Amino acid sequence: MAGTSPHARALRRGAASTLAALLMFCAGAVLGAGSAAGQSAAPPPVPLPSADPFYTPDGPVGHLAPGSVIASRSMPYGSLEHATPLSSTQVLYRTTDQAGGPSTTVATILRPLVPGPPKLISYHMAYDALGSECDPSYTLTGNGAPSHAGIAEQGVIAGYLAAGFTVVVPDYEGPDLEWTIGRQSAYAALDGVRATISHLGLPASTPVGLAGYSGGSVPTQWGAEMAPTYAPELNIVGAAAGGLPVNVAHNLPYVSGSATWAGVIPALVVSYQRAYGIDTDSFLSDYGRQLVDTVSSQCINAFAADYPGLTDAQMVRAPYTSLLDIPAVVSAIGDNVMGTTGTPRVPMLLAVGNVDGIGDSVMVTADVAGLAHEYCTRGVAVTYAQYDRLGHSEAFVPFQAQTAQFLTDRFAGAAPTSNCQGT
């Protein structure tokens with residue numbers, strides 16, 4: 001097994017340190033790009049996905065195998081309305097929705113700066129979107145206004161490219177932008193890998209890593225969970241998920257009344273209504289309906305902190321006192337609890353901050369620790385990481401560095417370790 005000798009371990013540590021440095025350097029460089037206005041050309045404008053015919057197949061796709069490429073095109077690659085010398089390939093491909101029906105979405109494929117043996121990262125951006133202007137396939141062209149997290153994630157992607165990885169970034173929320181919906185997000189991610197391997201003519205044995213933080217943890221964790229039954233042929237070597245919404249029924253009361261995260265409450269209502277056809281008029285208050293209408297086409301940077309102090313109770317009308325009083329809402333949330341549908345067959349890194357003894361201000365620490373422990377009892381090799389005194393945004397940086405080490409080891413074929421006893 002590779003990685004058993006001291007020399008091999010030293011090489012892995014060096015590679016991981018180099019990759020981590022690249023990730024952080026590139027993230028910092030991209031974050032600093034906003035001060036370089038006027039030093040590079042603006043990217044060519046592209047239409048919003050909602051107005052771009054490329055995103056709509058010409059006919060039914062149910063007869064196609066999941067992951068089949070329907071259309072492809074070369075697109076610019078940029079950041080913060082600045083062009084880069086790089087280009088990307090976009091693929092429209094067949095995938096599967098939450099109910100098991102055929103669907104389509106788009107992924108952005110980026111080739112490494114220095115070609116080498118094929119190795120693939122499916123990187124899941126935390127775009128947390130309700131409107132198509134938030135789709136990675138749009139913001140990665142340099143257009144639009146990505147969140148601070150999205151800007152930093154472009155830096156992380158740049159680090160992987162510099163380290164020799166091919167990176168595929170799927171629009172995993174699908175054409176209707178259904179945020180936090182588990183199986184559907186997993187299918188989109190796994191089919192994006194299939195589409196990339198097919199489009200680039202890569203060997204079927206190409207090693208694949210899954211990575212994502214916050215909203216991006218959803219396709220990562222669910223992708224690892226669903227892969228054994230949905231895409232068993234993929235050679236997934238590891239999955240790293242940080243800041244996970246394990247059970248939204250626990251996140252809702254945690255963010256209710258929050259100064260910085262309460263705006264996710266109406267956004268979740270929008271998402272569950274889209275995915276499950278919930279009759280929200282039967283329980284939303286007038287104020288709740290107003291908020292739902294307002295956020296229904298926004299990105300998370302436009303709504304998360306815009307309603308400080310908003311409570312779950314304000315969203316509903318009498319006799320209800322919480323969204324969790326609504327059976328249809330409870331059922332939809334229950335359909336998306338992590339760890340309830342499958343068991344990963346690959347080593348996993350699960351990480352979360354803990355800033356107040358409960359969680360990282362939006363994700364519940366005990367839920368992530370509990371998921372790690374549950375997977376451990378099923379025989380999964382799990383590394384659980386807890387970043388004490390760090391909130392959700394702050395924990396992003398140590399998670400990316402730890403992910404670099406974790407994935408370097410997995411791609412090197414190192415025997416996985418587990419700290420199950422610590423969960």
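Not measured: the values here are computed from a predicted model.
- Ring pair Phe165/Phe411: centre-to-centre distance below 6.0 Å.
- Checked by atom type and distance alone, the side chain of Thr95 pairs as donor or acceptor with a backbone atom of Tyr187 at under 3.5 Å.
- In this structure, Asp388 places its CG atom where more than 12 heavy-atom neighbours from other residues, nucleotides or ligands lie under 6.0 Å away.
- Aromatic pair Phe399/Tyr387: centroids not less than 6.0 angstrom apart.
- Looking at Ser137 and Tyr55, their side chains do bring a donor and an acceptor atom within 3.5 Å of each other.
- Two residues are said to be in side-chain contact when any heavy atoms from C-beta on lie closer than 4.5 Å; Pro398 and Leu390 meet this criterion.
- One finds the OG atom of Ser122 at 12.5 Å from the CZ atom of Arg194 (value rounded to the nearest 0.5 Å).
- Side chain to side chain, Asp367 and Tyr254 fail the donor-acceptor criterion of an N or O pair below 3.5 Å.
- Gln221 and Tyr375 form a side-chain donor-acceptor contact under 3.5 Å, judged by distance and modelled atom types alone.
- At least one donor-acceptor pair closer than 3.5 Å links the side chain of Ser185 to the backbone N or O of Ile181.
- No hydrogens or angles considered: a donor-acceptor pair under 3.5 Å links the side chains of Thr96 and Tyr230.
- For the residue pair Ser322 and Asp312, a side-chain donor N or O sits within less than 3.5 Å of a side-chain acceptor on the partner.
- In this structure, Arg73 forms a cation-pi arrangement with Phe54, its terminal cationic atom sitting closer than 6.0 Å to the ring centre and no more than 45° off the ring axis.
- Looking only at distances, a side-chain donor or acceptor of Asn251 sits under 3.5 Å from a matching main-chain atom of Val362.
- There is a side-chain donor-acceptor pair under 3.5 Å between Gln98 and Asp335.
- Pairs of residues two or more places apart, or lying in two chains, that qualify as salt bridge (charged side-chain N to carboxylate O under 4.0 Å, His left out) and include a residue from residues 278-287 are Asp286-Arg289.
- When the shell of 6.0 Å around CZ of Arg317 is examined, it contains more than 12 heavy atoms from other residues, nucleotides or ligands.
- Between Tyr160 and Tyr123, the ring-plane angle classifies as tilted under the 30° and 60° cut-offs.
- Under the rule for a side chain to side chain contact (heavy atoms under 4.5 Å, CB included), the partners of Pro416 that lie at least two apart in sequence or sit in another chain are Pro347, Ala381, Arg410.
- Ring centers of His392 and Tyr213: under 6.0 Å apart, within the cut-off.
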**Asked** Can you check side-chain contact (heavy atoms from CB on, under 4.5 Å) on Met363 and Ser214, steps first, answer last?
**Response** CA-CA 9 Å; Met363 305 305 178; Ser214 190; 4.3 Å; yes
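- Residue Tyr93 holds its OH atom at 5.0 Å from OG1 of Thr105, rounded to the nearest 0.5 Å.
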**Request:** Check step by step if side-chain contact (heavy atoms from CB on, under 4.5 Å) holds for His373 and Val382.
**Result:** CA-CA 8 Å; His373 179 74; Val382 178; over 6 Å; no
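- Here the side chains of Ile109 and Thr166 are in contact, with some heavy-atom distance below 4.5 Å.
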